[in-house]
There are 2 protein chains.
Amino acid sequence: MTTESPTYSRGQLARSTGVKGETIRYYEQCGLLAAPGRTAGGHRMYTDDHKRQLNFIRRCRELGFAISEITGLLDLAQTDEKTCEQVRQATAAHLVDVQAKIKDLRAMERTLKDLIGQCDANSTAGCPIIDILLFQSH
Amino acid sequence: MTTESPTYSRGQLARSTGVKGETIRYYEQCGLLAAPGRTAGGHRMYTDDHKRQLNFIRRCRELGFAISEITGLLDLAQTDEKTCEQVRQATAAHLVDVQAKIKDLRAMERTLKDLIGQCDANSTAGCPIIDILLFQSH
DNA sequence: TATAAAACCTGTAGCCACTACAGGTTCAGG
DNA sequence: CCTGAACCTGTAGTGGCTACAGGTTTTATA
């Protein structure tokens, strides 16, 4: 009396996780998502384990982790010792990256606002934005 | 008694603008930087005009404009009518993009900090980061 | 002036994380 | 049983470079 666990097609998995079907295939191809079993005809059959793993991957991607970083996290999730500290470090390192990107973008934002401000105050001929970008010295 | 304007090799242009030599070639290839004259032997000879144009391109890239957007800006810089308003609009549109990216990254930042905080407060077995990413319902 | 080294040339392939085909096969509903 | 949707594989394209390979030209030194 073995209870068969349910399986899902690629489309069903896509709908239930919000990850596009083609992307799921890509994740398998690059070794991120475990290869599922197949039907007699060759169609992929995913299990609840795949669903959990794919949701994990999706959440990590939403947090901006690279594929290679997620591979690392999944490997850590498999092992059971000293894992937590390593995961914490990987997450902290990623946080630093994210904060650096934010800093860069905020510098861009300030400059863009400045440029637009110059433009609004424009009374002369020509475009201050173009002029500044063409001729500024720095 | 024509005063010859100075010319620069690719490497000289690279050093004086901070844009890598290979990147300069790429910009020419994709139609962003005007093709320069050549020596008898086929080496590129850049002028001060190229230098100005490349500096403009570099500054736009530093502000996060896409190559296609810069092409548009350079086209606008060439024409002389109604240009300013179009440039202002392009810049404003880009600012919106940048602000959207900042918003996304800040959301990531908050979540990553939360996760790390969970980890710091961890007393149980297992890794809270992994657990949350694997099993959260949202 | 000869030569060696640096810089240049072209063209192509790789990076990341997908996305979008083409051309064929299998599955599910009626 | 048949149709049409969903699936299969493999490949090429995206953006903005970067990194070769394999050859030519220029430049600096002896």
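A, B, ... follow the sequence lines: proteins, then strands. Residue 1 opens every chain.
Donor-acceptor pairing under 3.5 Å is recorded for the side chains of B:His50 and B:Thr47. Using a 3.5 Å distance cut-off with no hydrogens or angles, the side chains of A:Asn55 and A:Arg58 do pair a donor with an acceptor.
Note that NZ of B:Lys113 is 11.0 Å distant from OG1 of B:Thr111, once rounded to the nearest 0.5 Å. Note that CG of A:Asp131 and CZ of B:Phe56 are 10.0 Å apart. Values are rounded to the nearest 0.5 Å.
In this entry the distance linking OH of A:Tyr26 with P of D:dG10 reads 17 Å, nearest Å. When the P atom of D:dG16 is taken as reference, atom CD of B:Glu62 falls 15 Å away, rounded to whole Å. Taking atom CD on B:Glu69 and atom C1' on D:dG15, their separation rounds to 12 Å, with Å as the unit. Taking atom CZ of residue B:Arg15 and atom P of nucleotide C:dA6, one finds them 13 Å apart after rounding to whole Å. Taking atom NZ on B:Lys20 and atom C1' on C:dA7, their separation rounds to 17 Å, with Å as the unit. D:dA6 atom C1' lies 16 Å from atom CE of A:Met45, rounded to whole Å. Across the protein-nucleic acid pair, A:Gln29 atom CD and D:dA12 atom P stand 13 Å apart, rounded to whole Å. As rounded to whole Å, 14 Å separates atom C1' of C:dA7 from atom CG of B:Leu13.
OP1 and OP2 of D:dA6 both lie 4.0 Å or more from every side-chain N or O belonging to A:Arg10. Between B:Thr23 and D:dC17, a side-chain N or O to OP1/OP2 separation shorter than 4.0 Å is absent. Contact between the side-chain N/O atoms of A:Ser9 and the OP1/OP2 oxygens of D:dC7 is found at a separation under 4.0 Å. For C:dA17, neither phosphate oxygen OP1 nor OP2 lies less than 4.0 angstrom from any side-chain nitrogen or oxygen of A:Tyr27. At least one side-chain nitrogen or oxygen of B:Arg44 sits closer than 4.0 Å to the OP1 or OP2 atom of C:dT10.
Environment of CZ in A:Arg61: crowded, with over 12 heavy atoms of neighbouring residues, nucleotides or ligands closer than 6.0 Å.
Tested against A:Tyr46 for a side-chain contact (heavy atoms from CB on, under 4.5 Å), the candidates A:Leu54, A:Thr17, A:Ile24 yield a single pass: A:Ile24.
Counting non-hydrogen atoms under 4.0 angstrom, B:Arg38 reaches the backbone sugars and phosphates but no base.
Of the residues in residues 100-107 of chain B, none has a non-hydrogen atom less than 4.0 angstrom from any atom of DNA chain D.
At a threshold of 4.0 Å, the pair A:Glu85-A:Arg88 counts as salt-bridged, since one of the basic side-chain nitrogens sits closer than that to a carboxylate oxygen.
In the hydrophobic clustering of this structure, A:Phe65 groups with A:Ile102; members are Ile, Leu, Val, Met, Phe, Trp, Tyr whose side-chain heavy atoms approach within less than 4.5 Å, directly or through other members.
Proximity of a side-chain donor or acceptor of A:His94 to a complementary backbone N or O of A:Leu63 within less than 3.5 Å is detected. Side-chain atoms of A:Arg44 do not come within 3.5 Å of backbone N or O of A:Arg10 as any donor-acceptor pair.
At a threshold of 4.5 Å between non-hydrogen side-chain atoms, the residues A:Cys30 and A:Ile67 count as touching.
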**Request:** Using a 4.0 Å heavy-atom cut-off, write out nucleotides 20-29 of chain D from 5' to 3' as B (base contacted by protein), S (sugar-phosphate only) or - (no contact).
**Result:** B----SS---
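From one end of the helix from C:dT1-D:dA30 to C:dG30-D:dC1 to the other, with five pairs defining each end axis, the axis direction shifts by 10° (rounded to 10°).
Annotation for A:Leu95 and B:Glu109: closest pair CD1-CG, 3.7 Å, computed over non-hydrogen atoms.
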